[in-house]
Every structure is written in C-alpha cells, then in structure tokens.
Amino acid sequence: MKKKQLLQKERERIMDENGIIYLENVSKSYSTGAPALNGVTLSIGRGEFVFVVGDSGSGKSTLIKLLLRELTATSGSVYVMGSDLAKLKHRQIPKFRRNLGVVFQDFRLLNDRNVFENVAFAQRIVETPTSEIRRNVPRILATVGLAGKYKAKTKQLSGGEQQRVALARALVNEPSILLADEPTGNLDPKNSWEIMGLLEEINQAGTTVIVVTHNREIVNAMQKRVITMKKGVIVSDEEEGGYIDED
C-alpha cells in the first residue's frame with residue numbers, strides 16, 4: 001500500500017513539474033497487428049506550443065485520440081489536466097472534454113447553419129446561458145477575423161474562412177488545451193499561415209496548443225518544440241526544432 005501511495009505521489013510531483021499533459025510508458029495496440037504506440041513517455045507543460053510530426057502510421061492520430069479519451073491505452077497511464085483518463089467514467093467524459101478545443105483538417109461544420117450558430121452550438125452543448133452566448137460568440141468571431149460573417153452559411157465561405165469558424169467553435173468555451181489535427185491540410189499557403197498566426201496568438205494568451213501536421217515549411221519556420229514520431233515511438237523531441245526526414 002505504501003509503495004502505491006509513493007508511486008502516486010511521484011506521478012503527481014512529475015505532473016506538477018511537467019505540465020498539463022503527461023503520458024507514462026503508454027502503449028496502444030489494435031487487434032490488427034503492431035502497436036500504434038509503444039512505450040511512449042511524454043510531458044507537455046501548461047502554455048506550450050508543440051508540433052507533432054511523422055509519417056502516416058507513426059502514431060500521431062492515436063496520440064490525439066488518447067488525449068481526447070476517444071481511446072484508452074492498452075498499458076501505461078495518460079494524464080490530462082490532472083485526470084487519469086483510464087479512470088474516467090463514461091458519464092464524466094463530456095465534462096472532461098469541455099477543457100479541450102479541437103480543430104480538424106476537414107472543418108466538421110454544420111452546413112445547414114450559419115456561422116453564428118456553428119460557434120454557438122459549442123456553447124449550447126455545455127448549457128451556457130443565452131445571454132452569455134450572445135456576448136461570447138461575437139467576441140470570438142472578432143478574434144478570428146470573422147466579425148462581419150456571422151450570418152453567412154458555412155457553404156458560402158472559403159476554406160480559410162471555414163477553418164476560422166472551426167477555430168472559433170473550438171475556442172469559444174475557453175479551453176485549457178487546443179488540439180489541432182492537420183489544421184492547414186486543406187488550405188492554400190496564404191490561409192495556412194494566417195491560421196498558424198491565429199494559433200500562435202491563442203498560445204501567447206495562455207492556451208496550450210498541440211498541432212499535428214505534415215507541413216514541413218511551417219514547422220521549420222516557426223521553430224517551436226517538435227516531437228517526431230515513427231512506428232509508434234518518439235524518435236526526437238527538440239525545442240526550437242524542425243521537420244526531421246526519417247528513412
């Protein structure tokens with residue numbers, strides 16, 4: 001019993017020192033074969049901006065799904081904002097996810113609703129009062145440069161504008177962590193850089209930002225922390241890093 005208590009205290013100490021996300025010797029195996037993650041230990045501090053890069057099949061998507069509690073680890077421990085995700089009950093997951101904003105490559109907008117309603121939807125899910133929604137949505141749309149587009153249907157918007165709507169929706173509940181999975185994958189270079197500029201501003205305001213990307217130019221230019229994955233393991237973790245070519 002004492003040994004377990006000591007181990008728990010040690011984990012809490014590591015989390016206090018190392019941040020808002022902590023993975024300890026995490027593996028994830030699927031029934032189809034080789035493990036998607038294999039013994040990954042990783043800590044990400046509060047307020048960091050981190051790129052996660054690697055070829056398809058390297059484990060990046062599995063990592064994101066573990067952080068969202070869409071998957072659970074086969075072995076090891078995943079802690080996010082102080083919660084041991086393996087111990088979360090199913091009914092606790094929605095409340096946990098309120099502290100996470102997520103942006104995807106394919107936007108995932110509600111095409112039958114206008115910009116305002118797409119962003120307000122995230123607030124209605126967490127039962128934000130209507131009076132607050134009316135204040136919060138225009139504020140966040142102004143932050144992402146869409147103040148004049150609130151009545152537009154999403155199908156009328158450019159790809160860059162649609163990604164801004166998705167970003168506003170991810171941010172309107174003021175999450176502690178923003179996960180961006182290939183956020184520039186469907187955008188031209190100009191819009192890609194604009195989205196990355198917004199992510200950097202969000203990070204400078206205190207949000208922890210994790211970006212999964214294949215965009216070599218952006219990773220090399222921004223000189224953030226870069227975690228490189230290959231075949232389920234972390235092969236490089238560099239401050240002010242760049243995109244590493246793996247054989």
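Sequential numbering from 1 along the given sequence is applied to the chain's residues.
Qualifying ring pair (Phe, Tyr, Trp, His ring centres under 6.0 Å) partners for F116, counting only residues two or more places apart in sequence or in other chains: none.
Scanning all heavy atoms of the two residues, the minimum distance from V103 to A170 falls at CG2-CB, 3.8 Å. Minimum heavy-atom separation, P138 to I133: CD-O, 3.9 Å. Of all heavy-atom pairs between G242 and V219, the closest is C-CG1, 3.9 Å. Among all heavy-atom pairs drawn from D106 and N186, the shortest one is CA-ND2, 4.0 Å. The two residues G76 and A73 make their nearest non-hydrogen contact at O-CB, 4.3 Å. Shown here for S61 and D181, the closest heavy-atom pair between the two residues is OG-OD2, 4.4 Å.
Side-chain contact between I234 and T228 is absent, with no heavy atoms from C-beta onward closer than 4.5 Å. Residues T184 and I218 have side chains in contact (heavy-atom distance under 4.5 Å, counting atoms from C-beta outward). When side chains are defined from C-beta on, K28 does not count as touching N38, because their heavy atoms never get closer than 4.5 Å. The side-chain heavy atoms of N114 and T154, taken from C-beta on, include no pair separated by under 4.5 Å. Using a 4.5 Å cut-off on side-chain heavy atoms (C-beta onward), L67 and V78 make contact. Residues I177 and T207 are not in side-chain contact: their nearest non-hydrogen atoms beyond the backbone lie 4.5 Å or more apart. Using a 4.5 Å heavy-atom threshold, the side chains of V102 and L68 count as touching. S77 has its side chain out of reach of V26: every pair of non-hydrogen atoms, C-beta onward, lies at least 4.5 Å apart.
In terms of modelled atom types and a separation under 3.5 Å, the side chain of R97 and the main chain of R69 share a donor-acceptor contact. Under a 3.5 Å cut-off, the side chain of T213 and the backbone N or O of E182 do not form any donor-acceptor pair. Using a distance-only test at 3.5 Å, with no hydrogens or angles considered, a donor-acceptor pair links the side chain of N118 to the main chain of L110. The backbone N or O of E48 sits less than 3.5 Å from a side-chain atom of N203, completing a donor-acceptor pair. A donor-acceptor pair under 3.5 Å is absent between the side-chain atoms of N191 and the main chain of L187, judged by distance alone. Q163 contributes a side-chain N or O that, together with a main-chain N or O of F104, makes up a donor-acceptor pair within less than 3.5 Å. Remark: the backbone N or O of V53 is not paired with any side-chain donor or acceptor of H214 at under 3.5 angstrom. Between the T74 side chain and the S29 main chain, a donor and an acceptor come within less than 3.5 Å of each other. Side chain of N173 to backbone of A122: a donor-acceptor contact under 3.5 angstrom is found. Not a single donor-acceptor pair under 3.5 Å links the side chain of N99 to the backbone N or O of S176.
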Give every donor-acceptor pair under 3.5 Å between a side-chain atom in residues 140-149 and any protein atom, sequence neighbours left out.
residue	atom	partner	partner atom	Å
T143	OG1	R139	O	3.1
K149	NZ	E161	OE2	3.4

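Taken together through direct or relayed side-chain contacts under 4.5 Å among Ile, Leu, Val, Met, Phe, Trp and Tyr, I64 and Y30 form part of one hydrophobic cluster. Cluster membership for I125 and L178, using ILVMFWY side-chain heavy atoms within less than 4.5 angstrom, is not shared. Taken together through direct or relayed side-chain contacts under 4.5 Å among Ile, Leu, Val, Met, Phe, Trp and Tyr, F121 and Y150 form parts of separate hydrophobic clusters.
Taken to the nearest 0.5 Å, the CZ atom of F96 stands 4.5 Å off from the CE atom of M81. To the nearest 0.5 Å, atom CG of residue L157 and atom CD of residue Q162 are 6.0 Å apart. Atom CD of residue Q223 and atom CD of residue E238 lie 11.0 Å apart, to the nearest 0.5 angstrom. Here CD of Q92 is found 8.0 Å from OG of S83. Values are rounded to the nearest 0.5 Å. The CG atom of N111 lies 11.0 Å from the CD atom of Q156; values are rounded to the nearest 0.5 Å. Annotation: the span from T72 atom OG1 to L66 atom CG amounts to 7.5 Å, rounded to 0.5 Å.
A salt bridge links R124 with E117: the distance from a Lys NZ or Arg NE/NH1/NH2 to an Asp or Glu carboxylate oxygen falls below 4.0 Å. In this structure, D55 does not pair ionically with K230, as no charged nitrogen and carboxylate oxygen lie closer than 4.0 Å. The pair D188-K190 fails the salt-bridge criterion, with no side-chain N (NZ, NE, NH1 or NH2) lying under 4.0 Å from an Asp/Glu carboxylate O. With respect to the salt-bridge test (charged N to carboxylate O, under 4.0 angstrom), the residues R164 and E194 qualify. In this structure, R225 does not pair ionically with E240, as no charged nitrogen and carboxylate oxygen lie closer than 4.0 Å.
No cation-pi contact links K224 to F51, judged by a cut-off of 6.0 Å to the six-membered ring centre and 45° from its axis.
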Query raised in the report: Taking it one step at a time, do I21 and I210 satisfy side chain to side chain contact (heavy atoms under 4.5 Å, CB included)?
Result: CA-CA 11 Å; I21 291 170; I210 301 169; 3.3 Å; yes

Report task. Applying side chain to side chain contact (heavy atoms under 4.5 Å, CB included), run through E24 and V40 and close with a yes or a no. Result -> CA-CA 7 Å; E24 181 181 48; V40 169; over 6 Å; no

Query raised in the report: Stepwise, does the side chain to side chain contact (heavy atoms under 4.5 Å, CB included) test hold for F49 with V211?
Result: CA-CA 8 Å; F49 190 120; V211 180; 4.0 Å; yes

Requested in this report: Check the pair Q123, N136 against side chain to side chain contact (heavy atoms under 4.5 Å, CB included), reporting the backbone distance first and the verdict last.
Outcome: CA-CA 9 Å; Q123 297 245 278; N136 294 340; 2.9 Å; yes

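Environment of CZ in F107: crowded, with over 12 heavy atoms of neighbouring residues, nucleotides or ligands closer than 6.0 Å. Open room surrounds CZ on R134; 12 or fewer heavy atoms of other groups in view lie less than 6.0 Å from it.
Of the listed residues (L198, V172, V119), just one forms a side-chain contact (heavy atoms from CB on, under 4.5 Å) with L167, and that residue is L198.
A donor atom on one side chain and an acceptor atom on the other are not found under 3.5 Å apart for N25 and T41.
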